[in-house]
Amino acid sequence: MIDAIMNSSHVLVLATDSASDRSSINMALLLSAILFTCGLIGFLSRRNMIIMFLCTELMFQASALALIAFGKVHHDVSGEVFVIFILTVAAAEAALALGLIVLLYRRRETLDSEAWSELKEA
Amino acid sequence: MIELASLSNLTAQALGTFVPAILSDATSNGIPASIAAPELRWAGLILLLPVISAVLCGLCAAMRVKSKLPGLITAVSLVASFGLTLWLFLSLSNADGPVAARTVHLFDWITLSWEPTHQHAATRWTSVTAPFALYIDSLTLLWMLFVTGLGSLIAIYATEYMESDVGKGYARFFGCVSIFLFAMGALVMGGNLILLYLGWEGVGLASYLLVGYYYTKPSAVDAAKKAFIMNRIGDAGLALGIFLIWVNYGSLEYSALFEAMQGAGADGASASWTREAIPYLIMLGAFGKSAQFPLFTWLPDAMEGPTPVSALIHAATMVTAGVYLIARLYPLFELHPHALETVAWIGCFTALLAATIGMAQYDIKRVFAYSTVSQLGYMFLGLGVGTSFGAVYHVFTHAFFKALLFLCCGAIMHGMAGQLDLRKMSGLRNVKGFGIISWTFLVGCLCLAAFPFSSGYFSKDAIIGQAFASDNPNFNFLGWVAVLTAGLTSYYAFRVWFRVCGGPTKYEAGDEVHSDADEAHDDDHGHGHAPAATTHHAAEHWHPHGPRIAINAVLLVICAGALLAAVPAYNAMSGGSNWVQRMVAHSSAFEGAQLHDAHGAEHAHHALSFTGIQDVHTATSVVASVFGMAGLLIALYLHLLNRSAADHLRNGLLSNSLTRWLPIAMENKWYVDEIYHWTFRVPLWALAHVSHFADKNLIDGVVVNGVARLPMDLARLFQPLYNGVLQGYAATMAGGLALILAWVFWIWMQGV
Amino acid sequence: MDFASPSLDIQRCGALLADASPTTVSAFALTIAAGICAAGLAVLMRPGAQGIRIAGTVLALVGFAMLSVEVIKRASVGSEAAGFPPVFPVIFGLLSTIGAVRVITHPRPVFAAMYFMLTVVSTGCMFLLLGAEFMAFALVIVYAGAILITYLFVLMLAQQSPVVGVGDAWYDRVPREALSAVFIGFVMLATLSDAYFSAKGQSFIADKMQASEFDGAVAGWKRLDAMPKLLRVAAEQTLAVEVAMAKDPTAAATTPVAISEVVRNADGSAITMHADTASIVVKLTDGSTRTLALAPSMMPENSRQVGVDLVSKFPAGLEIAGVVLLMALFGAVILARKQIELGEDERRELAGMRRFTVEGEAGGSGGMQ
Amino acid sequence: MLKSLSYLLLLLPMLSAVAIAFAPTKSAKWIAAASTSVIFAISVMFAWAFTGWSSGAIAPLDAVTPILPEFGINISLGASSVGVMLILLTAFLMPLAMIGSFTAIREREKEYYAWFLVLEATMLGVFLARDAVFFYTCFEFSLVPMYFLIAIFGGAERRAASIKFFIYMFFGSVFTLAGLIYMAVQYKLQIGNGWSFDLDTLVAFSSNPEHMSKSQQFWIFVLLMTGFAVKVPFFPVHTWLPLAHDQAPTAGSVILAGALLKFGTYGVYRIALPAAPVGAIELDQFFAIICLIGIVNAALICWVQHDVKKLIAYSSVSHLCFCMLGMFSLNSVGTTGAFMYMINHGLSTGALFLCIGMIYERYHTKDMDKLGGLFRRMPVWSFFMVFFTLSSLGLPGLNGFVGEFLCLMGCFTADVDAVAGYPGLLGPWYAIIAVLGLIVSAMYLLIMLGKIVWGPLREPLDHAHTSHAASALPRDLSLREISILTPIALVSLFIGFYPNPMLAPIGKDIEESLASYPKLVEEYRQNGSLVWPESAKSDGVARTELDTPTMAKSR
């Protein structure tokens, strides 16, 4: 039992040594950049409002990932705490935004975001 | 013939012989230095009484007094004012000696002084001071005597004349008359140019209010406006002149000013244009007020006012203010002989122009209005050729006879229900109640026509004689023009008299404009005229009614005045001295030596030498009398003996293509009004519209609103980015973010 | 805290970025790789034939591979050991990327949602690799379990089924302005990857990691300090281990030693930090005191650390998050509860009347004429 | 005594405004009338107790309340004799304007009167301020009440008018603020004993050749003048005025013409001229020409107006340009004239606006083509209308003349070729052109009189209907209205015949505050330029000191 306790610190943390730590951090950062970019591109180019929201979730993912990676860099768990907040916001947003999308859909019977362009002047 | 010669000798004595003696006296003394006379402060009452009367009239108007009380107040206060003036005159005049000028300081009006900044300006140019002070010399007294005298007489006349307006405009009328008398008093008695300017504008105001007295008549309102504006043009000139006087002579008070002017040559100042321009600017003011050539058209229009006003303001007193101004500043004009010559030319030209217009008018008041312009031209001619005495004497006589003529016109108008057309009246001398009018009218016409030995005769000949006496050939020419004008004057004066008073009795009623305008339309919705009532009135119940005691008495008194105005001249003929001349010679208007060096009255050759008469004044009177009699005789033939000949002549002129312009132009006043309208008013009016347009559309529309619109248009430039689609905004945002990131990482951070 | 002001930090980061000379080359390589990725994505975005799509996929994969290689190469900067090649991060990264790409390219929203789930799960794995177990599971539970399901419900409510013969809705098939979107994305990706993976960025990360290692440990011990029960358990275990280790086989029958309390300093802390070890002082039941050195494994696990941090450092944020959720709940209820009322214009339209809002009227501005 | 009175002058209007806000609606107008009357009484006491009449110096009141002491910003009060006169004018016009609004304003009375009292506080603040920031604050804050007064109680185009008024003014005075701040910053940098926003200190500082170079002076003058020029208003920036006047309620127009426009002229006199003599002298002819264009242009525009109120508004432009022409003759005579003109314009134009307001209340039109011959209907009103028109066109014996005369005189005495005189920079030609403006002004004012006062009676067709509906106003003026106009008329007459009590203190004041001018003007006249260091020592100092201490201090 005691041995198990002594070695338990390595059980879940797969990468402890500096170099492999760094390469997974790097990969995480790269992934966050890619996810964010994909989310951005998707948000800009997809017309379906649901997909657009999905893309914002993608960007949330990216930022959560970056937060955790940098938390790791700084040996600080605040990054993870912030991810909790992100999750909160994402959940709240999903609840409201999807409700709104449904309402919008009922109005125009379409999910095309271009159906809603009253903001433009003249 | 012998008798004529002896008479002319007497005339010569009266007009000429005393001149050198008095002149030498005056020149040696210069302008008598003024004496501060605080003991004469009561003279301020002469000005204060009309003010009090004006205030009381205003109160009467406010209390809606329905009696003749305002007239009474005014008459009493003006008579008291005249009495005070007379008292002042008597207390100041001693037997023969010069009346020294007195200055009476009443209170400080405008005072602004500062430390001298130039060494050589230690005494003058250190203040702009215009106290409410009186400058009393013989010229002032002369003027004030006839101003207050005629003023009170005409006020008495008006108490009856204006009676139909009792309770309506009566108080207003007399209030304005009082204001006029105050302003005229300030103009004449003021001890500095600013006070003169106050009076100058004040009489303009009174004239404005009185000309526009029948304010429901658009023509009266227009006439009032025109009078004020044209005067204002002149006033602007006067104001500029006053400023330049200050700039050049360093003071505005007469006493200091005359001193400065007499030393003007010696103070070493170069003759800058500012100095040269002064007399011309002053002249502009004088011509505006005295209705001379460029600015004369307001005076005939001003006849829209009630007739006493025409008599008082537009014949006797206010219009002579220009003459007073130049006479008062004669020392200044003597420094600028060319300016004086200009005065002469313009005066003479105006005299002729106005006489020709007067010949062709049918409205008798207008005839005399043009006659006033013409006679004022004579006065300026007199000033211009160097006889301020002649000018002032003519002012003096003219005040009486022209006031008389206007009052007669007014009485006729009063009695004939506003009739003024000389074609519609005839033989009034035989109508009951019009006798006094007719004969006093005749006296007025005789004086106006310079009938030998009338007052006008002496005063006019003093002017024309001086013109002929001059060495300056231009003046001689002007003299001939003046003589011709004298003939024309005689013609039109008697044209009126023969038409109106002579011939068979015949008349039509006028339209009662002056008295019924208010009465008929005091209902709430009346606009303009109520013709039905008037025609009814005119057609069935109308009879001419002669004036009552006040008008008749005043006519007689003024008639007597017009006759007695010749007394100084007779006095001079009989070996005494001309009182007017003495008064003038002891004032600032004395004729300086430099004007008379070359051409004394005694010299052998003058422009009229061909008549064989040695003395120029005698010669003048002979020549002028000939012209005058000719005019009279022509008038007699055309307008009394053979009236159809006049029409015949007119038709003859009209039918001849060469001459037809003459009567048309004369009857249309040489189109001066129209010329002014098209050369000044219309371009200015167009400019005003252009200004308005530019202000509204260019400055405000393009520039101001343009600046305000700039951000908006700038925003419009970027508007396509905001196409309303969510992703458009998102793309902009993301692109911006990407750009910022790229800039931060690739450019900004590289530099740190 | 070290980062007193964020601007300073960015500047320092920039300074680090600037001094290494090979960055120009590597930045170029990264940009090229990002460009290839973008090209591939751009091809994939267009609805097109199968061959082209395959080409796009290949292109994107190549780009991804180049990026990964570069990134992994960079990880060794500043450390001698080459280390074990990071198989798991690459695999999860690839999966996650494929999922993300499919989310934005798949014409059917349901499939997109499913791919999104793939992304979420593999990102969760990435979290695990980074030692954030709690967040990894939370992510999967909240996202995959809750949010994604909501999406699917909404898709069911709103999405029209594909019409036979026509296929999916046109707005799902045809992306709008894909090229410009991809370009913007490319700029962003290139910038970010350049910032992260340039030599300076890498050495910054390495420095930071090294510098903050001790601080991280200290923070961990502090959190343990804040948890008295756990501390006591840790103390007991350590004591037990120490006793076991020091147990003299000869002294078999000694009375067991128990801890009566953990001694705290004047400032209330129990753990004392030395160079790289943490120790506590405990008072034993027999009245004696004893200093115990805590083993690294005694540090509380990730979930506990996050929990303590959440309540001790961000209580206000926590409360606000709760309020946000509550409000979202209300909002969702209100939105879902009743039909939204038709606007003025719609009602007028239904009644066959003219619309109220006239074109151009909305832009009318008062003000200066 | 003086100190407490000055505070009272500022506080009482504010307190009354608050009182009105909480008082019942019915009593609002009575509170306003009473408090403005009390303020007038206080201002008279203030003038009575004022000690600077004969010395001419700006009399500091030792009333300093620090606001931001580390920046030297205080509410410090003081007054010169000129300022006291403007205070008197403002306080005199306010109760009349308030009483004049009794029947005109029937809705939202509380707001109306409260805003007016706030406005009065700001106006008195401007004339009392001795601190640049306080001055500017009051200067700008006056826009707020005026904005609401126009926007709520104005005519048909009130929105546009109020917005234009506000933005235009604001735009201009931002430059003035920049000028003031520049002076203060330079003071801080060069003197080095901290900040000061005291007007006298700043003015003395910046007019010193050791501190400000020629070009600095030039630009300071330009900056300061930009705001003041809009307020005056000078020629190309005057277009807000007709609109604002036209749309403002009667009392608003009265106060706008009577006191607000004087901010500009007062600012020029109090700050711009003393602070930047070089700029003033070098730009003198430019501004004089602008004034001339303004005089003639506005006068001509008046001629073609149909709206009486607009006509008077444009005449205001013309008159104020005249006033500024006098001031820019840069000598004692002209500047004195300019001051007389300011006061007299306030009285006569204010009274004209009141008269027009009375007509508007009765006929609900200001169109001269629809009104005419009102003498028959309203002789008392006509009397006042004619009276104030004459005063406005400068009839001697009424107030307008004195200022007009002295302004022109100022131009003349400034003649270069004259034998002698008080030095100045303009010459007769300026005055000659200005006189044209006088002629045209007589023209349009008399045309106006001819249309509405004289002539056959013309009334709007629906007059009978509306007059019954509107109010129980009598056909001619009521006693209340007469009692508003009579004091102004009496004051006009008094000033017309006895301006001396005003002339002497103004002259003294000018000698004090423009003390450096005679010498400089003389020098400029003789050399065509001024001996003034082209670059003062400030530049180098400024650059080194600008970076460090100011930034640190502002943290």
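Just so we're on the same page: letters track the sequence lines, and every chain starts at 1.
- Within the structure, every pair that satisfies the side chain to side chain donor-acceptor pair (under 3.5 Å) test and touches residues 232-242 of chain B, not counting sequence neighbours, is listed here: B:Trp200-B:Asp235, B:Glu201-B:Arg232.
- Atom OG1 of residue C:Thr191 and atom CD1 of residue B:Ile740 lie 11.5 Å apart, to the nearest 0.5 angstrom.
- For C:Phe183, the CZ atom counts as loosely surrounded, since its 6.0 Å shell holds 12 or fewer non-hydrogen atoms of other residues, nucleotides or ligands.
- Under a cut-off of 6.0 angstrom, the local environment of CE in C:Met327 is crowded, with over 12 non-hydrogen atoms contributed by other residues, nucleotides or ligands.
- Note on C:Leu192, C:Val187, C:Ile184: by heavy-atom pairs under 4.5 Å with chain B, the leading option is C:Ile184.
- Between B:Leu741 atom CG and C:Asp194 atom CG the span is 11.5 Å, to the nearest 0.5 Å.
- Residues passing the side chain to side chain donor-acceptor pair (under 3.5 Å) test with C:Ser193, sequence neighbours excluded: none.
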